[in-house]
Amino acid sequence: GVFGYDPAKVTLFYEPGSVSRFVRQKLFFNLHPVEARRDAEGLGDVRKDAFVYCYFYGLCVHKLAHFFDVVHGSRHDFFMTEYRCNYTLAFISLLARRGFDAAEVERRFADLVHREVN
């Protein structure tokens, strides 16, 4: 994985309209946006869609920043930037191993890579 976070502390759930969360040092990721994307694009295998990788990368950057600061604000933004600085190369390497062009992925999904993802 890109972030090396203990997988035992990651829970996937499905609930339309619900945001993903970081609670008590555990990550809770909502799979509904992945299903919605799959249905909208008619995808057979979501692992072949760069959106999914960017969605989880963006969630990790945002939710792990709450490890240091519960509330949104300048400290939270600082830690989001630090996560991006420290893990972007690993994320680009993951994209390359999966056969994606990182520049094309960034162009298509900049909102997931560079902004707060819920």
Side-chain angles (χ1 to χ4, degrees):
V2 172
F3 290 90
Y5 203 71
D6 182 356
K9 295 184 179 184
V10 179
T11 299
L12 304 176
F13 71 96
Y14 177 90
E15 187 173 339
S18 181
V19 296
S20 297
R21 305 225 179 264
F22 183 76
V23 179
R24 296 186 187 141
Q25 314 313 313
K26 294 180 182 171
L27 297 166
F28 296 88
F29 291 158
N30 188 0
L31 292 176
H32 180 259
V34 174
E35 181 188 62
R37 168 86 177 175
R38 182 201 66 198
D39 293 347
E41 299 293 321
L43 302 172
D45 184 351
V46 297
R47 295 172 302 171
K48 295 181 179 175
D49 184 21
F51 166 86
V52 175
Y53 295 88
C54 293
Y55 173 67
F56 284 113
Y57 176 78
L59 282 176
C60 284
V61 165
H62 176 207
K63 301 307 177 183
L64 288 173
H66 286 292
F67 186 91
F68 302 101
D69 200 340
V70 175
V71 298
H72 292 124
S74 57
R75 282 180 21 139
H76 173 266
D77 293 346
F78 168 79
F79 286 112
M80 283 181 49
T81 300
E82 286 297 300
Y83 272 113
R84 285 189 190 102
C85 289
N86 286 302
Y87 292 102
T88 296
L89 185 56
F91 180 59
I92 291 169
S93 296
L94 173 67
L95 292 174
R97 286 192 311 273
R98 298 294 186 259
F100 298 111
D101 177 321
E104 174 67 13
V105 169
E106 182 181 30
R107 187 187 65 71
R108 290 182 58 213
F109 301 111
D111 57 325
L112 295 173
V113 176
H114 298 296
R115 293 188 183 87
E116 202 170 280
V117 177
N118 281 306

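Atoms considered below: every heavy atom in the structure, side chains included; atoms not considered: hydrogens, waters and symmetry mates. In what follows, residues are counted from 1 in the order of the sequence shown.
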What about [X] and [Y], same hydrophobic cluster or not, with Ile/Leu/Val/Met/Phe/Trp/Tyr joined at side-chain heavy-atom distances under 4.5 Å?
X    : Y   : answer
F100 : L94 : yes
V10  : L64 : yes
Y57  : L12 : yes
Y87  : F78 : yes

> Which residues pass the salt bridge (charged side-chain N to carboxylate O under 4.0 Å, His left out) test with E15, sequence neighbours left out?
Replying inline: none
>> By the side-chain hydrogen bond (donor to acceptor under 3.5 Å, both in side chains) test, which pairs, at least two apart or in different chains, include something from residues 22-44?
In response: Y14-E35, R37-D49
Qualifying residues under side-chain contact (heavy atoms from CB on, under 4.5 Å), relative to [X], sequence neighbours excluded:
X    : value
D45  : R47, K48
R107 : E104
F79  : A65, F68
C54  : F91, V105, F109, L112, V113

State, to 0.1 Å, how close [X] and [Y] come at their nearest heavy-atom pair, and which atoms those are.
X    : Y   : result
Y83  : V61 : CD1-O, 4.1 Å
S18  : F13 : OG-CE1, 3.7 Å
A102 : I92 : CB-CG2, 3.9 Å

> Who passes side-chain hydrogen bond (donor to acceptor under 3.5 Å, both in side chains) against R75, sequence neighbours left out?
Replying inline: D69
> What residues form a ring pair (Phe, Tyr, Trp, His ring centres under 6.0 Å) with F28, not counting sequence neighbours?
Replying inline: none
> Mind checking what makes ring pair (Phe, Tyr, Trp, His ring centres under 6.0 Å) contact with F22, not counting sequence neighbours?
Replying inline: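 For F22, no residue satisfies ring pair (Phe, Tyr, Trp, His ring centres under 6.0 Å) once neighbours in sequence are set aside.
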>> Return the OH to NZ distance between Y5 and K63, rounded to the nearest 0.5 Å.
In response: 13.0 Å
>> Could you check whether any side-chain heavy atom of M80 comes within less than 4.5 Å of a side-chain heavy atom of H62, counting everything from C-beta outward?
In response: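 They are in side-chain contact.
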> Side-chain contact, heavy-atom cut-off 4.5 Å: V34 with F56?
Replying inline: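 Side chain of V34 against side chain of F56, heavy atoms only: contact under 4.5 Å found.
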> Mind checking whether H72 and H76 have parallel, tilted or perpendicular rings, split at 30° and 60°?
Replying inline: perpendicular
> Does any pair with a residue in residues 84-103 pass salt bridge (charged side-chain N to carboxylate O under 4.0 Å, His left out), and if so which ones, sequence neighbours excluded?
Replying inline: none
